[in-house]
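Below: one structure, written as structure tokens.
Quick note on labels: first sequence line is chain A, next is B, and so on, each numbered from 1. These values consider heavy atoms only, across backbone and side chains, with no hydrogens, waters or symmetry-generated copies. Note that the coordinates shown come from a computational prediction; the quantities given were computed from them, not determined experimentally.
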Amino acid sequence: MSEMKFILLISFALFFIGVYGFLTRRNMITMLMAVELMLNAVNINFIVFNKFLYAEKMDGLFFTIFIITIAAAEAAVAIAIIINLYRKFNSINENEIDTLKW
Amino acid sequence: MILVFGVLTVASRKIFRAAIFLLFTLINVAALYFFLEYEFIAAVQIVVYVGGIVVLILFSLFLTHRVNSDLPHPSAMKMIVTFLAAFFAFGFVYTLLYWHEFAEAVPVGSAVPVRMIGKAMLNYGEGGFVLPFEVVSILLLAAMVGCIAIAFKTKLKEHKAS
Amino acid sequence: MSLLNYISMMRFEALALGVVIMLLLVKVFSEKMNASVVLGFVNLSLVALLGISFVGHPHGTAFGGMFRIDSTLMLEKQIITLALLLISLQANSWLKKHSSYLEFYVLILSVIIGMYFMISSGNFLMFYLGLEMATIPLASLAAFDFDRIKSAEGAGKMILSSAFSSAILLFGLSILYGTTGSLDFNRVAENFSLTSHLELLALAFLLAGFAFKISVVPFHLWTADTYEGSPIAVTSFLSVVSKGAALFIFMTALYQVFGAAHEKWMNALVLLSALTMTIGNLFAMRQSNIKRFLAFSSISQAGYLLIGVITGSSLGMASVFYFMIIYIFSNIGAFTVVSVVSENTGKENIDDYKGLYKTNPMLSLALMVFLFSLAGIPPTAGFFGKLFLMTSGASAGLIALLIIASLNMVISLYYYLRIVKAMFVDKNESPLEDFAKDNYSKFVLIFCVIVILTLGFCNYIFGYLQSLSFGL
Amino acid sequence: MNLSLLILIPFLTVLAILLVKDGKMARVIALAGSFAQLAAALFMLFSYMKLHDGSRLAFEESHVWFAQWNINYHIGVDAISIAMVLLTSVVLVAGVLVSWNIEKSTTSDPSSGGQPKEFFILLLLLATGAFGFFISVDLFTQFFFFELAVIPKYLLIAIWGSGKKEYAAMKLVLMLMGGSAMVLIGILGFYHFSVAAGTPTFDLLALSKLSLTHNQQMFLFPLLFAGFGVLSAMFPFHTWAPDGHSSAPTAASMFLAGISMKLGGYGCLRVAVYLLPDAAREYSPYIIILACIGILYGAFVTLKQRDIKMMNAYSSVSHCGFVILGIAMFTKTAMVGAVLQMVSHGVMTALFFAVIGMIYERSHTRMGDEMGGLMKVMPFLGSVFIIAGLTSLGLPGFSGFVAEMTVFVGSFQNADLFHRVATIIATASIVVTAVYILRAVGIALWGPIKKIEFEKLPDAAWNEKLAAGILVVAIVILGTMPFWLSDMIYKTTETLFGMAVK
Amino acid sequence: MVNYSYIALVLIIPLAVFIITGLFGKRFQSFSGILGTAGMLAAACLSYYAAYQYFILGSRGADCAWPTIIALKQTWLQFSPNLRIEMGIMVDSISVMMLVVVTTVSLMVHLYSISYMHGEERFSTYYSFLSLFSFSMLGLVISTNIFQMYMFWELVGVSSFLLVGFYFTKPSAVAAAKKAFIVTRFADLGFLAGILILSFYSESLDFQTIIHRMMDYNGSIFLAANSASFMGASALTWALCLIFIGGAGKSAMFPLHIWLPDAMEGPTPVSALIHAATMVVAGVFLVARLFPVYSQIPAALDVVMYVGAFTSLFAAIIACTQTDIKRVLAYSTISQIGYMMFGLGVSGYWGDKALGFSGSMFHLFTHAMFKALLFLGAGAVIHFIHSNEMGDMGGLRKKMPLTNIVFLVACLAISGIPPFSGFFSKEEILTAAFNHNKLIYAMGLVTAAITAFYMFRLYFSIFWNKPASEAGGHADAHSHGEAPVTMKIPLVFLCLATLVSGFIPFNEFVTAFDKLEVEFHLPLAIAAVSAGAIGIIIATILYLKPSTMPDKIAATLGSIYQSAHRKFYVDELYLFITQKVVFNLISAPAAWFDRNVVDGMMNLIADVTENFSDEVKTFQSGKISGYVMWFFAGAILLSILIVYVL
């Protein structure tokens with residue numbers, strides 16, 4: 001196994017750990033954290049591909065930068081919304097936030 | 001290390017611990033970048049993620065959570081099913097990756113200097129990223145406005161109400 | 001390339017950005033500005049935006065292929081701008097009362113700028129940025145009904161699931177980057193090979209990401225909750241503009257980037273389309289909240305739209321445009337009625353509409369026209385839209401899918417008729433009283449009704465759309 | 001003769017009614033419009049008779065509608081469509097007349113009635129759809145009008161109906177739309193095959209020249225035939241009819257049975273059989289079986305009905321079985337019979353529903369056994385009822401006889417046992433028909449007067465007399481002078497099916 | 001060729017009267033009676049003139065047969081190039097004879113009804129229906145085309161229905177009208193099927209063409225029709241038998257006779273016209289019309305013969321036990337028509353063998369006269385007594401002398417006593433039967449005896465028996481019993497006809513084919529007359545004076561009497577079939593099936609969709625992780641599909 005594929009193994013694993021976390025967690029903030037894990041896995045992918053395959057250009061690298069930036073923005077908005085939710089429901093547990101269903 | 005902390009992040013029942021584990025994971029990822037000689041990305045990772053997002057998350061945790069309370073335990077059944085699904089998906093995806101033959105070039109030894117990044121960032125020709133750069137700035141602005149609008153206006157209203 | 005040239009190419013983006021900056025300046029410097037002046041200004045500028053879009057035929061690429069423009073893309077932008085204009089007019093009375101109307105416009109204009117960029121993108125990076133820009137501020141907009149807890153809940157569901165969705169999409173993109181070595185549409189298309197399983201995986205993940213935005217089953221579950229929770233203006237924006245923009249770029253991506261794999265995605269989309277129509281309909285059947293109901297109905301409409309996408313022919317694409325336009329008018333029209341009722345009475349349940357015809361005949365008639373258009377009943381334009389989609393499907397030989405689609409038309413008629421029945425047939429002890437409608441909403445309603453009743457008979461519009469369409 | 005007039009007149013009438021405020025004005029306009037339409041239809045008939053060599057489409061008109069799909073606004077008439085148009089305009093006039101007092105409808109359900117403006121708009125919209133359907137030669141255009149004629153029924157029944165009206169209306173519309181969905185698939189299938197053949201088209205004439213393979217025909221035919229069959233209440237898709245008819249307001253029942261069911265029969269003949277003769281021939285045994293079941297079974301079910309409106313609804317199922325049977329028998333004579341039966345049943349059932357509606361408005365009951373002796377108090381309505389009944393049971397001199405006999409004779413031209421037995425089974429229904437008609441006459445009109453309050457019921461008013469009169473005249477004209485119509489139709493049938501049919 | 005197209009007027013006049021009185025009769029109630037009678041008088045004169053022209057001025061053709069003249073022919077409806085319904089006028093011996101019969105009886109009834117129906121609320125309606133009937137019946141007899149005949153056949157049935165149900169407020173009248181129509185309708189089904197078969201093979205609906213083609217032994221058409229077999233009989237046999245069913249229905253042959261006695265619920269003149277003289281012989285006329293074809297197929301003729309003979313005996317027996325005078329007459333009508341039927345059945349086509357045909361037609365003619373007379377006489381009695389029951393009558397000979405005489409004449413005629421007309425016609429039929437089949441002859445003879453018996457039972461019960469004062473009923477004992485003059489004229493006229501018509505040289509005029517030389521067989525005549533005489537004598541013994549004998553005999557006969565009295569339970573059988581089988585075993589389950597199974601299926605589809613919708617809704621759990629779970633599963637499944645499957 002090449003080095004690249006090994007690192008990719010790690011990043012893929014990290015991605016699905018994130019998925020697992022998202023799916024099992026009840027707390028919205030931990031869900032957000034799980035998403036961050038997934039995004040990090042994607043970042044690693046981009047960096048690794050850029051590094052090992054297409055080093056002559058910086059597409060992957062820039063993509064990573066933008067993902068990080070956007071992740072920040074997304075997290076900010078998400079947290080704003082979550083805090084908003086917390087004010088209204090006094091909880092951020094998804095089990096308790098289900099006035100909308102069916 | 002990344003994986004260990006990642007697992008801990010999603011498995012920890014104490015929410016703060018989870019956050020700290022996330023922090024460690026992110027730092028480890030940064031280390032990985034560093035190791036891959038992308039120092040700039042590593043730096044960004046540390047600054048934005050560790051310095052920004054995690055802090056934000058911790059901050060929001062303080063706001064929303066009673067400090068030492070445990071997270072509710074997800075049902076075992078659900079955990080197993082989810083785990084199996086995620087694991088299966090992982091196996092599937094990784095198998096595909098494993099059998100894919102990349103035209104692996106020899107890694108270019110030198111690191112990408114920050115200057116090049118800066119140049120590319122402002123280049124508007126082929127291989128330049130000025131447009132995304134601008135766009136992302138608008139995006140950040142908009143996100144900011146959105147956050148402010150939601151967080152502050154509701155607060156104001158509540159104040160008025162009380 | 002001169003600056004003028006850039007501006008001409010990016011006229012939508014530039015002007016919208018200009019308006020955003022103006023609004024921010026207003027916000028900073030003169031907080032006490034009269035609301036109706038600002039709203040009028042924004043609406044006017046949207047009209048201007050639409051107007052200048054018809055000057056000249058810009059085409060070309062800029063920024064190293066990251067930005068592309070041609071007549072088709074112009075058309076797509078015109079369509080979503082038109083929709084935004086209608087929504088803006090419809091939302092007028094709601095916004096006047098709203099404390100943060102300035103922020104609303106800043107956000108929604110940023111969203112539409114994101115959409116412009118997304119539509120015009122020639123590169124997955126730009127596409128991703130545009131997509132996020134069209135999502136993140138929108139999530140905060142979904143929470144804009146500060147008083148209603150449902151609004152916040154919908155927004156929370158939206159932002160979290162869209163974060164997850166974009167993570168999946170990004171994962172696909174990263175793999176695509178790994179296998180093809182580029183993010184540029186043309187380069188990806190060149191390097192894309194059907195033999196690589198990994199690339200197909202990337203395609204699948206991308207499809208899932210797109211499907212989330214277009215709210216295709218089973219990636220649709222956030223839709224209903226968010227639609228119900230959001231302010232009506234945002235709901236209509238989500239259901240029309242958001243969906244439309246995503247669909248446009250989806251078509252571009254499928255045709256221009258993944259054309260080589262068309263058999264794969266066609267078959268996949270046939271499945272998704274069938275599922276979407278059916279499940280969307282089944283959900284819609286039992287709804288009691290009209291917004292939620294319209295959400296599900298819009299899910300099933302997405303299924304019909306996919307038929308046109310699947311065909312991969314220029315006629316199919318033209319039908320998608322055509323249906324999209326009709327759908328904009330029908331859906332925004334319907335939401336306008338809902339918004340008028342809800343603004344005046346605060347009621348959103350289908351049961352509240354009982355006996356509406358007795359007190360508000362014009363409003364009910366308008367809603368009936370919109371619903372029939374959504375259901376595809378002649379002589380409304382929706383009939384033509386749906387039939388054209390299905391005809392394009394027929395010329396591509398998607399008979400099985402068409403069978404499902406036609407059966408779904410029957411089911412959908414059932415629930416559209418439920419509302420018609422509530423308004424026209426059911427007796428109500430205390431129907432909603434006759435209330436005043438604001439002029440903007442009236443204008444939107446009349447305009448939508450006229451368009452819906454005449455569009456099907458104006459054959460040149462379809463000809464125009466077809467001239468701008470392309471296939472695989 | 002400009003055929004578009006036939007679509008324009010009712011449509012303009014709709015617009016005119018939209019513009020007026022007053023319900024009284026609305027009905028006058030509606031009546032004027034429908035008379036204009038009748039005049040136009042008659043004018044068309046005469047000019048057709050003058051010019052016709054009986055074979056080709058007359059007064060053709062074709063405008064490109066959507067060039068991209070080869071959709072044309074293509075209209076034209078031959079004898080079959082002329083028959084249908086005439087039928088529709090006659091029923092339209094009668095329907096408007098019958099609904100003259102819809103404003104103060106006196107049915108037992110106080111919630112129904114009112115809103116005359118809306119009522120006439122819907123009625124004329126429905127008629128517009130029917131006219132358009134009958135004269136269009138392009139499948140797309142035809143389908144457009146076809147669907148146009150479905151939805152107004154929902155509102156007509158659900159708003160002005162009685163009994164379980166909402167359920168019935170919904171069921172009716174959904175079943176009809178189910179049928180139209182099948183038709184749609186069939187039409188799209190046609191389009192698909194024409195695309196495959198290199199000439200995408202919706203045009204009936206062009207499609208008839210398309211040589212489809214056996215499998216293609218076998219695939220399309222059941223969809224189209226069953227789809228249209230739903231509309232013409234083919235067993236087992238007939239259950240919308242009893243509920244729908246019995247709940248609908250009088251004029252809507254008249255339209256439903258008089259016109260809508262004909263849309264189905266016309267479609268079966270004009271689209272399914274015309275375009276797919278080979279498949280039609282292969283499927284015809286199954287269709288014949290279904291038709292026979294429909295005819296006989298419908299008749300027997302009718303026997304058991306207490307509600308006379310329900311009774312007529314079921315009898316429509318039985319009668320429309322003859323249409324299907326005539327088409328499936330695959331001889332020219334039988335097809336002519338099918339068309340005649342459509343016309344005849346259209347007028348007859350319209351008359352029947354009209355008179356049932358009038359009686360209902362007076363007696364406030366539709367249960368046959370709660371009436372009795374009504375002949376004594378309302379001799380005019382009673383006589384009309386009996387005339388309708390006699391037409392229904394196929395009395396010579398009335399239209400039903402001509403149509404049924406043509407179907408029988410035509411069916412019997414098939415020399416094999418199966419067709420013969422089927423014909424005989426179908427003929428057997430005339431006895432059952434006689435039984436239920438006489439039963440209805442016996443319990444509702446004859447016998448002693450059951451309720452005191454019946455004795456003071458008024459007989460028909462002028463509008464009712466006029467409506468019934470027009471329909472009776474139509475029935476008698478058809479019944480005593482069928483030759484002009486049947487000859488015309490025979491020639492058209494020869495042109496349309498000359499190759500395929502005995 | 002003589003022009004007979006004026007015969008069209010014979011039809012048009014009643015039709016015009018029907019339309020005028022039907023539409024405007026309300027305005028001038030009483031006038032419609034006069035109008036109707038005048039119209040009928042004109043029609044009758046035209047018919048007489050036609051008969052005069054045909055029989056007296058015209059002559060037999062070269063082949064010794066009376067010519068068949070198509071006076072008028074107009075295509076009315078073209079089914080296919082070969083098959084068309086033509087409206088026309090066919091003039092031949094039987095149609096001319098029928099014209100005379102129908103117009104005569106109809107005229108009498110019109111005239112009679114003016115006073116009989118006087119004061120009825122729906123007087124004009126009555127006359128319009130009568131005219132309608134006359135029109136239809138006349139149309140029937142002059143038909144050139146089998147379908148034309150079928151059409152008028154149906155019209156006749158409807159007019160009968162309307163007239164029987166004239167007193168529609170009486171439930172029994174309603175039931176009788178329904179029964180009459182439905183039973184004949186059922187028979188018409190056979191007629192129709194027969195027409196379909198016959199027309200298919202002969203490729204024509206025209207009587208002359210059909211007869212011509214079917215008479216051609218070696219023609220391909222006859223061979224095809226005769227060789228195509230179904231269930232052991234040839235297509236032609238089937239066709240003829242089916243057509244005979246049609247005739248049997250109208251002519252009330254067993255087992256389709258049940259409607260006729262009930263049809264007496266109608267006004268009595270109507271019974272005289274329709275249910276005695278004209279419509280009920282339509283079946284006989286039908287068989288006679290197609291007789292050349294029947295004569296080719298002996299099997300079919302045998303059916304006609306046996307059914308006719310059995311019916312005549314069967315009905316005669318029942319007639320002995322009935323107490324309602326109109327019912328007695330009704331059964332006697334059935335019995336006499338049975339006579340005519342078996343007359344045809346025993347006949348052949350050529351030469352001497354054709355005696356049965358000629359006799360049957362003769363009997364048709366004479367029967368029409370004396371049976372109409374009987375009914376009108378009975379009508380006069382009923383008019384006076386206001387009751388139909390024999391028990392309410394008696395000793396009326398004093399009060400109604402004229403009626404007494406005409407009734408007696410008619411009774412003697414029907415009993416076959418010379419020199420009254422019945423004797424001649426009956427004798428011919430019996431002679432033909434004797435030559436053909438002895439069993440039938442025996443049955444005929446017995447029937448003749450029974451006929452004489454029940455007729456005189458009737459006669460004595462009305463006019464003799466107990467004295468008038470004891471008779472019940474609602475007659476005003478002091479009133480003058482005789483009817484007004486408009487009722488008397490028809491009685492007298494018909495009585496004269498009954499007296500003289502026996503001497504018409506009928507065989508000269510009405511024959512199957514060529515000239516018929518009839519030998520008079522004295523022994524047979526004696527046998528027939530003595531049979532009648534025996535019947536009369538028994539009746540005289542039993543009924544001339546009031547006595548208990550009849551009851552004793554009835555008691556002795558016990559169940560046989562009882563079952564004859566109950567009409568051998570045929571009605572009950574029908575009732576069982578219609579009520580129990582058709583309504584409860586077919587209709588009710590069918591209705592149930594339709595509501596619950598067929599409709600249930602449709603509702604089931606809706607329910608399943610709705611339930612499915614409810615099920616599906618639970619996906620929308622309101623929980624993000626649930627949503628994302630679906631998203632994730634969808635994405636993975638989609639990728640598996642895309643990568644491996646599609």
Side-chain angles (χ1 to χ4, degrees), chain C residues 313-315 318-319 322 357-358 361 365 368 372 375-380 383-384 386-388 390-414 416-418 420-421 423-427 456-463 465-467 469, chain D residues 11 63-71 73 111-112 114-115 118 125 128-129 132 140 143-151 154-155 157-161 165-166 169-170 173-196 200 202 219 223 227:
Chain C
S313 63
S314 72
L315 275 172
S319 318
Y322 192 63
Y357 181 66
K358 289 267 155 45
L365 279 177
M368 183 178 79
F372 280 166
I377 302 296
T380 58
F383 171 79
F384 294 94
K386 256 186 196 162
L387 264 238
F388 289 169
M390 293 177 89
T391 314
S392 72
S395 40
L398 306 167
I399 297 294
L401 181 58
L402 292 182
I403 292 174
I404 295 172
S406 350
L407 291 181
N408 273 304
M409 276 177 80
V410 180
I411 302 179
S412 71
L413 184 64
Y414 165 72
Y416 289 121
L417 279 181
R418 260 185 66 210
V420 174
K421 169 172 167 264
M423 292 189 300
F424 288 87
V425 181
D426 284 344
K427 303 294 175 292
F457 301 95
C458 304
N459 44 15
Y460 59 87
I461 289 180
F462 189 76
L465 294 179
Q466 208 240 330
S467 69
S469 306
Chain D
F11 182 66
H63 306 288
V64 176
W65 196 355
F66 290 100
Q68 295 78 16
W69 307 107
N70 269 324
I71 292 171
Y73 169 73
S111 63
S112 58
Q115 307 171 346
E118 287 83 347
L125 213 54
T128 314
F140 184 91
F143 187 72
F144 172 81
F145 286 116
F146 183 65
E147 293 237 309
L148 188 59
V150 171
I151 292 300
Y154 176 80
L155 293 171
I157 297 175
I159 299 179
W160 290 276
K165 55 185 184 175
E166 284 152 25
M170 189 57 96
V173 166
L174 289 186
M175 283 189 72
L176 295 194
M177 282 308 269
S180 96
M182 283 196 258
V183 171
L184 177 60
I185 298 167
I187 291 176
L188 293 175
F190 260 120
Y191 188 75
H192 172 56
F193 295 136
S194 75
V195 168
F202 278 109
F219 168 71
L223 286 171

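Per-residue counts of heavy-atom pairs under 4.5 Å with chain D were compared for C/Phe457, C/Phe424, C/Phe372, C/Tyr460; the largest is that of C/Phe457. Looking only at heavy-atom pairs under 4.5 Å with chain D, the residue among C/Asn408, C/Leu398, C/Leu417, C/Leu402 that has the most is C/Leu417. Interface check for chain C: of the options D/Val173, D/Val64, D/Val195, D/Leu174, the most heavy-atom pairs under 4.5 Å are formed by D/Leu174. Ranking D/Leu176, D/Val150, D/Leu184, D/Leu155 against chain C, the residue ahead of the rest is D/Leu184, based on heavy-atom pairs under 4.5 Å. The residue among C/Gly456, C/Ala405, C/Gly393, C/Ala375 with the most heavy atom pairs within less than 4.5 Å of chain D is C/Gly456. In terms of non-hydrogen atom pairs under 4.5 Å with chain D, the most contact-rich of C/Asp426, C/Ile411, C/Val420, C/Ile403 is C/Ile403.
The CG atom of D/Leu148 sits 9.5 Å away from the CD1 atom of C/Ile377 when rounded to the nearest 0.5 Å. The OG atom of C/Ser395 lies 9.0 Å from the CG atom of D/Leu188; values are rounded to the nearest 0.5 Å. Here the CD1 atom belonging to C/Ile399 is positioned 8.5 Å from the CD1 atom belonging to D/Ile185, to the nearest 0.5 angstrom. Put simply, CE on D/Met182 and CG on C/Leu407 are 8.5 Å apart, with the number rounded to the nearest 0.5 Å. The distance from atom CD of D/Gln68 to atom OH of C/Tyr322, rounded to the nearest 0.5 Å, is 10.0 Å. A distance of 9.0 Å separates OH in D/Tyr154 from CG in C/Leu413, rounded to the nearest 0.5 Å.
Aromatic pair D/Trp65/C/Phe384: ring centres closer than 6.0 Å.
For a residue to count as touching a neighbouring chain, one of its non-hydrogen atoms must lie under 4.5 Å from one of that chain's; by this rule C/Thr380 does not touch chain D. When heavy atoms are compared at a cutoff of 4.5 Å, D/Ala158 approaches chain C by way of both its backbone and its side chain. Proximity to chain D involves both the backbone and the side chain of C/Met390, based on heavy atoms less than 4.5 angstrom apart. Within the 4.5 angstrom heavy-atom criterion, only side-chain atoms of C/Tyr357, from C-beta onward, approach chain D. Looking at C/Met423, neither its backbone nor its side chain comes within 4.5 Å of chain D, counting heavy atoms on both sides. Within the 4.5 angstrom heavy-atom criterion, only side-chain atoms of D/Phe219, from C-beta onward, approach chain C. With a 4.5 Å cut-off on non-hydrogen atoms, C/Lys386 does not touch chain D at all.
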#### Entry: D/Phe202 and C/Thr391: CA distance, side-chain angles, deciding distance, side-chain contact (heavy atoms from CB on, under 4.5 Å) verdict
CA-CA 10 Å; D/Phe202 278 109; C/Thr391 314; 3.6 Å; yes

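At least one side-chain heavy atom of D/Ile71 sits less than 4.5 Å from a side-chain heavy atom of C/Phe388. At a threshold of 4.5 Å between non-hydrogen side-chain atoms, the residues C/Phe383 and D/Phe143 count as touching. Using a 4.5 Å cut-off on side-chain heavy atoms (C-beta onward), C/Ser392 and D/Tyr191 make no contact. Under the 4.5 Å side-chain criterion, counting only non-hydrogen atoms from C-beta, D/Glu166 is in contact with C/Lys421.
Enclosure of atom CZ in D/Phe66 by more than 12 non-hydrogen atoms of other residues, nucleotides or ligands within 6.0 angstrom is indicated.
Smallest separation of non-hydrogen atoms from C/Ser319 and D/Trp69: OG-CZ2, 3.3 Å.
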